Amino acid sequence: MTGILKFADVYQESVTQPELFWGKAGEEVKWVKKWDKVLDDSNKPFYRWFAGGELNTCYNAVDYHVENGRGEQIAIIYDSPVTDSVAKITYKELLEQVAKFAGALQGMGVVKGDTVIIYMPMIPQAIVAVLACARLGAVHSVVFGGFAPNELAIRINDAQPKVMVSASCGIEGKKVIPYKPLLDEAIRLAEHKPQKTIIFQRPQVSAELIAGHDYDWEELMKTARRADCVTVAATDPLYILYTSGTTGKPKGVMRDNGGHAVALKWSMKHVYDVQPGDVFWAASDVGWVVGHSYIVYAPLLYGCTTIVYEGKPIGTPDPGAFWRVISQHGVKVLFTAPTAFRAIKKEDPHGDYLKKYDIKSLKYLFLAGERLDPDTYHWASDMLKIPVIDHWWQTETGWPIAANCMGIEPFPIKAGSPTRAVPGYKVEILDNNGKELPNGQEGSVAIKLPLPPGCLPTLWNDDKRYLDYVTEIPGYYVTGDGGFYDKDGYLFIMGRIDDVINVAGHRLSTGSMEEIISKHKDVAECAVFGMNEALKGEVPVGFAVLKAGVTRDPAVIVKELVQMVRNDIGAVACFKQCAIVKALPKTRSGKTLRSTMRKIVNLQEYVVPSTIDDPAVLDVIKDAAKKLADEA
Ligand code: COA
Ligand code: AMP
């Protein structure tokens, strides 16, 4: 902690003089050409940061450190309990691998502006592939390995990749999952056909390669020539990351180069209180935004050592896994999702495994991805005896919106609250008419425009859908979360107020599950909601109404529905429960009463809406929801 800065001063400057504030932060990045304007707001509500600036993000994350004395420092520690291996890669070695892989991509015709989809497990090659794209100015889109071919195909159609990069398999605990058949199936399903794929062959599975279409990573690397960094505009896209919206079509969050590098670098020092050279561990997956920002880009931009962990908090081999990694590699900051701590707490409530390791290197635990419930906060805090920091953000923002900024001036912690809006974000609680609510009252959490650098400038090829975020309440970005400020000005985020749910820290759309279930030949209509659950925070549960005249066994139909969601979205959806009901509660005009159903599913108080067509249907839903909760 610097101990010099006052949070109120820093925050004030960030929101009253954003150009001055971010202009200073921009000095920390190495530019090929400095920006003409810190904030270009000539096309509201589309805002662009560092307009006119030119740089290369890979240069800043890799080459810069080699040129400035960090070549021998470890950049990546790959720790894989599932393969019983640990490997360390210095910045110099990383540069060599990235430059060569960029050369291999170039050899396949990939140039600035092309898209490349990366579908890989948690191995260092995933990071090499990401950085190689950034080096060429190509736009990467990493797809989480837990998604099924259908979800991958949707992303292929939208991103239109020239090349896809994958591995022969992923390893999930004790399961080895061959990736190539998933990749092939996705390409078969997709309308857009990528010209080539590059496959990293892992010893556990050998993927069959189609000559002229699939290329072996190692073979390419043998002959690839090193590619130089390609200069891009600050406002050029760096990546697309698809995230769940309220419908079946995911949103392609676009990230630019300049604002992203500036914001992430700033956050490392001011939010996470780390120094270059520290070991920073985000125990997430490269397929999620946390992985993009805090496994790959931020730690490397800041000259830290990042950990690529191929394992779970429990079962690989036991609930001491995290403590082992921290003590073995001298981790200073651990960042993960609360669900990981709930899993550890469940298996090791008294911290017996923790006692086996010396984790004195650990200074902070940061948690995000879902609400940090006070029980988990207190348990983690009692066990670790270090600050446990809840912080709130979204794929769209790419870095924290609210946090207790450890590198500025820490506030006393309040369980259940991510503390304050981070400098750069003006967070307000609004009612349905866009009017600001007083402290203590819950409403829609919105951020006053412009969003700070690093946040999405738009959605990939979909400016129109981006406008949904920023036109519902003019002048604001609507987050989709509900929450309030308490009397002391602490922000509380209580959960989504739309049809997005968070399952074990994974963001999913109930709308996309409904689209899948509706395709079943016996289903007339359905609705899916997130039900509170002790370990994963939420799990999806469905209510399906069958077509008139269907006499098949409802239990068999439920099994089929569960399998359909697993096949189409992937196991990660955790859709395991569905009730067959006679009807869904509707208004007289035929709209499903979703918010009432959501409350019933979560045993919350509700008022019977005056517009309801048949109040008796609510009792049916109540009984079904109770049954589902008992089963869960
Ligand atoms: N590839 C293939 N399958 C995957 C996968 C991947 N990358 N990730 C998850 N899955 C599968 C799992 O194997 C599981 O399959 P199953 O139904 O056949 O058992 C299913 O998807 C659900 O996975 P998950 O929700 O992770 O449950 P789990 O019981 O395996 O593990 C936790 C529970 C809490 C240990 C785990 O969810 C966890 O570590 N969560 C932290 C989440 C996180 O880091 N989020 C990122 C935001 S910070
Ligand atoms: P994702 O885009 O996957 O990062 O998910 C973003 C959503 O996760 C947010 O809109 C919130 O609903 C939830 N979320 C993330 N972090 C927190 C947090 N610290 N507290 C409460 N909810 C959170």
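All ligand and atom numbering here is 1-based and tracks the order in the structure. Nothing here was measured: the structure is a model prediction, and the numbers come from that model. What you see below is based on every heavy atom in this structure, not just the backbone, and it leaves out hydrogens, waters and symmetry mates.
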**Request:** For atom 5 (O) of ligand 2, find the nearest protein heavy atom and state the residue, atom name and distance (0.1 Å precision).
**Result:** Arg507 CD, 3.5 Å
**Complete:** Under 4.0 Å from one or more heavy atoms of Lys312, ligand 1 contributes atoms 26 (O), 28 (P), 30 (O), 31 (O)
**Message:** Can you tell me which residue among Tyr425, Tyr272, Trp399 is in a ring pair (Phe, Tyr, Trp, His ring centres under 6.0 Å) with His391?
**Reply:** Tyr272
**Prompt:** Can you tell me which residue and heavy atom of the protein come closest to atom 16 (N) of ligand 2, and the distance to 0.1 Å?
**Reply:** Gly369 N, 3.0 Å
**Request:** For Cys574, counting its heavy atoms only, list the atoms of ligand 1 lying under 4.0 Å from any of them.
**Result:** 22 (C), 25 (O)
**Message:** Side chains of Tyr477 and Gln394: any donor to acceptor distance under 3.5 Å?
**Reply:** yes
**Message:** Has Thr471 got a side-chain atom pairing as donor or acceptor with Leu467's backbone, closer than 3.5 angstrom?
**Reply:** yes
**Asked** Quick one: nearest non-hydrogen protein atom to atom 18 (C) of ligand 2, plus distance?
**Response** Glu370 O, 3.2 Å
**Prompt:** Can you name the one residue among Thr397, Asp481, Thr479 that meets side chain to side chain donor-acceptor pair (under 3.5 Å) with Trp392?
**Reply:** Asp481
**Asked** Does atom 34 (C) of ligand 1 have a protein heavy-atom neighbour under 4.0 Å away?
**Response** yes
**Complete:** Quick note on ligand 1: atoms under 4.0 Å from a heavy atom of Ala504 include exactly 25 (O), 37 (O), 40 (N), 42 (C), 45 (N)
**Item:** Sub-3.5 Å N/O-N/O distance, Trp288 and ligand 1
**Value:** no
**Item:** Part of Trp393 within contact of ligand 2 (heavy atoms, under 4.0 Å)
**Value:** backbone
**atom 1 (P) of ligand 2 - nearest protein heavy atom and its distance** = Thr395 OG1, 3.4 Å
**Item:** N or O pair under 3.5 Å between Gln394 and ligand 2
**Value:** yes
**Asked** What do you reckon, does Thr479 have a nitrogen or oxygen under 3.5 Å from a nitrogen or oxygen of ligand 2?
**Response** no
**Prompt:** Measuring from the heavy atoms of Ala283, does anything fall under 4.0 Å of ligand 1?
**Reply:** yes
**Request:** Could you please spell out the steps behind the side chain to side chain donor-acceptor pair (under 3.5 Å) verdict for Tyr294 and Ser267?
**Result:** CA-CA 10 Å; Tyr294 293 103; Ser267 74; 2.6 Å; yes
**Prompt:** Measuring from the heavy atoms of Lys576, does anything fall under 4.0 Å of ligand 1?
**Reply:** yes
**Request:** I would like to know whether Trp281 and Tyr309 meet ring-ring contact (aromatic ring centres under 6.0 Å, His included); could you show each step before the answer?
**Result:** CA-CA 8 Å; Trp281 179 23; Tyr309 176 68; 5.2 Å; yes
**Message:** Centre-to-centre under 6.0 Å for Tyr297 and His292, is that the case here?
**Reply:** no
**Asked** Relative to the heavy atoms of Ile177, which atoms of ligand 1 are at a distance of less than 4.0 Å?
**Response** 2 (C), 3 (N)
**Request:** May I ask you to identify the nearest protein heavy atom to atom 12 (O) of ligand 2, giving residue, atom name and distance to one decimal place in Å?
**Result:** Asp481 OD1, 2.6 Å
**Item:** Closest protein heavy atom (residue, atom, distance) for atom 48 (S) of ligand 1
**Value:** Val290 CG2, 3.7 Å
**Request:** Determine, using heavy atoms of Phe335 and all atoms of ligand 1, whether some pair is separated by less than 4.0 Å.
**Result:** no
**Prompt:** Is Gly480 in contact with ligand 2, taking contact as a heavy-atom separation below 4.0 Å?
**Reply:** no
**Request:** Give the atoms of ligand 2, by number and element, whose distance to some non-hydrogen atom of Asp390 is under 4.0 Å.
**Result:** 18 (C), 19 (N)
**Message:** Does Glu436, at its CD atom, have more than 12 non-hydrogen atoms belonging to other residues, nucleotides or ligands within less than 6.0 Å?
**Reply:** yes
**Prompt:** Does even one non-hydrogen atom of Gly369 get within less than 4.0 Å of ligand 1?
**Reply:** no
**Prompt:** Less than 3.5 Å between some nitrogen or oxygen of Pro313 and one of ligand 1, yes or no?
**Reply:** no
**Asked** Among all protein non-hydrogen atoms, which one is nearest to atom 19 (O) of ligand 1, and what is the separation to 0.1 Å?
**Response** Lys175 NZ, 3.7 Å
**Asked** At what distance is the nearest protein heavy atom to atom 13 (C) of ligand 2, and which residue and atom is it?
**Response** Asn502 ND2, 3.5 Å
